[in-house]
Amino acid sequence: MTEPLELPEARERILETAYELFSRNGLRAVGIDEVIDKASVAKATLYRHFSSKDELVLAFLRRREDRWTHGWVEQEARRRGETAEEQLLAIFDLFDEWFHRDDFEGCSFINVLLEVGDVGHPVGRASAEHLANIRALIATLAAEAGLRDPDEFARSWCILMKGSIVQAGEGDLDAARRGQRLGRLLIAEYRGAG
């Protein structure tokens with residue numbers, strides 16, 4: 001009788017475990033058996049909720065977008081900046097704090113995309129779509145700031161974001177400060193008429 005009540009809890013435990021493992025170790029380094037073991041579920045329970053590792057990875061990426069893109073970057077940047085320009089620059093303040101944390105793990109969307117290496121694969125495509133959603137958020141902030149050509153601006157801004165993340169992964173803990181300085185130049189370039 002209690003089995004149906006345990007299923008949502010088991011699904012959540014599986015997803016949380018996968019989130020932690022995939023975020024820290026990547027996809028290839030984490031096997032389904034490790035997820036099962038750390039989530040303390042049976043193999044049949046995992047496959048009842050996620051028909052394949054790819055399906056579990058897709059759920060992980062959705063959760064990452066909810067938590068990282070919307071729940072942290074978007075909300076915190078909007079909270080910290082009074083204007084849209086300040087909100088754009090606040091992203092690098094967030095990154096600076098993130099890069100200095102012991103649990104900095106890089107961008108899961110970039111990591112998964114590079115690990116899969118194929119945007120035609122459902123997981124690669126999903127990673128690219130989540131990165132496009134970040135770019136859309138940046139374009140929205142650029143439009144709110146009155147910057148010209150918000151989509152083109154967002155593409156350039158995302159190069160700064162991604163570059164600073166990779167640079168921090170190499171050990172450059174000041175990468176966000178550098179990215180923010182370049183971001184100020186980019187904003188100035190896109191202000192007003194062309």
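Between W157 and F92, the distance from one ring center to the other falls under 6.0 angstrom.
Put simply, the side chain of W68 reaches to within 4.5 Å of the side chain of I134, judged on heavy atoms. The shortest side-chain heavy-atom distance between C158 and L131 does not fall under the 4.5 Å cut-off.
Taking every heavy atom of both residues into account, Q180 and L89 meet most closely at NE2-O, 2.8 Å. The minimum heavy-atom distance between G124 and V116, with the atom names listed, is N-CG1, 3.9 Å. In terms of heavy-atom proximity, A139 sits nearest to D151 at CB-OD1, 3.5 Å. The two residues C107 and I165 come nearest to each other via the heavy atoms N-CG2, 3.7 Å. Scanning both residues, L56 and L46, for their nearest heavy atoms gives CD2-CD1, 4.4 Å. The two atoms that bring R64 and S23 nearest to each other are NH1-OG, 3.6 Å, heavy atoms only.
For residues 126-146, the pairs satisfying ring-ring contact (aromatic ring centres under 6.0 Å, His included) are F109-H130, with sequence neighbours left out.
Looking at E9 and R13, a side-chain N of the basic residue comes within less than 4.0 Å of a carboxylate O on the acidic one, giving a salt bridge. The pair D103-R24 meets the salt-bridge criterion, since a charged nitrogen lies less than 4.0 angstrom from a carboxylate oxygen.
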Under the side chain to side chain contact (heavy atoms under 4.5 Å, CB included) criterion, do S127 and L61 qualify, and how do the steps go?
CA-CA 7 Å; S127 296; L61 292 172; 3.7 Å; yes
Does the pair K43 and E34 meet the rule for a salt bridge (charged side-chain N to carboxylate O under 4.0 Å, His left out), with working shown?
CA-CA 11 Å; K43 188 175 274 197; E34 183 177 4; over 6 Å; no
With salt bridge (charged side-chain N to carboxylate O under 4.0 Å, His left out) as the criterion, how do E76 and R80 come out once you've worked through the C-alpha distance, each side chain's angles and the decisive distance to 0.1 Å?
CA-CA 6 Å; E76 195 59 21; R80 291 183 186 202; 2.9 Å; yes
Could you go through R177 and D172, starting from their C-alpha distance and side-chain angles, then the distance that decides it, and tell me whether this counts as salt bridge (charged side-chain N to carboxylate O under 4.0 Å, His left out)?
CA-CA 10 Å; R177 295 284 132 231; D172 179 1; over 6 Å; no
Does R184 form a salt bridge (charged side-chain N to carboxylate O under 4.0 Å, His left out) with E189? I'd like the steps, not just the answer.
CA-CA 9 Å; R184 289 181 195 284; E189 181 182 330; over 6 Å; no
Begin from the C-alpha positions of L27 and N111 and carry the test side chain to side chain contact (heavy atoms under 4.5 Å, CB included) through to its verdict.
CA-CA 9 Å; L27 304 184; N111 295 344; over 6 Å; no
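The number of heavy atoms from other shown groups lying within 6.0 Å of NZ (K53) is above 12. Within 6.0 Å of CD in E82 there are 12 or fewer heavy atoms belonging to other residues, nucleotides or ligands.
The side-chain contact (heavy atoms from CB on, under 4.5 Å) test applied to R155 returns R135, E152, not counting sequence neighbours.
In this structure, R63 fails the cation-pi test against Y19, since its NZ or CZ atom is not both closer than 6.0 Å to the six-membered ring centre and inside 45 degrees of the ring normal.
With no hydrogens or angles considered, no side-chain donor-acceptor pair links T69 and E65 at under 3.5 Å.
Atoms CZ and OG1, from F22 and T17 in turn, are 10.0 Å apart once rounded to the nearest 0.5 Å.
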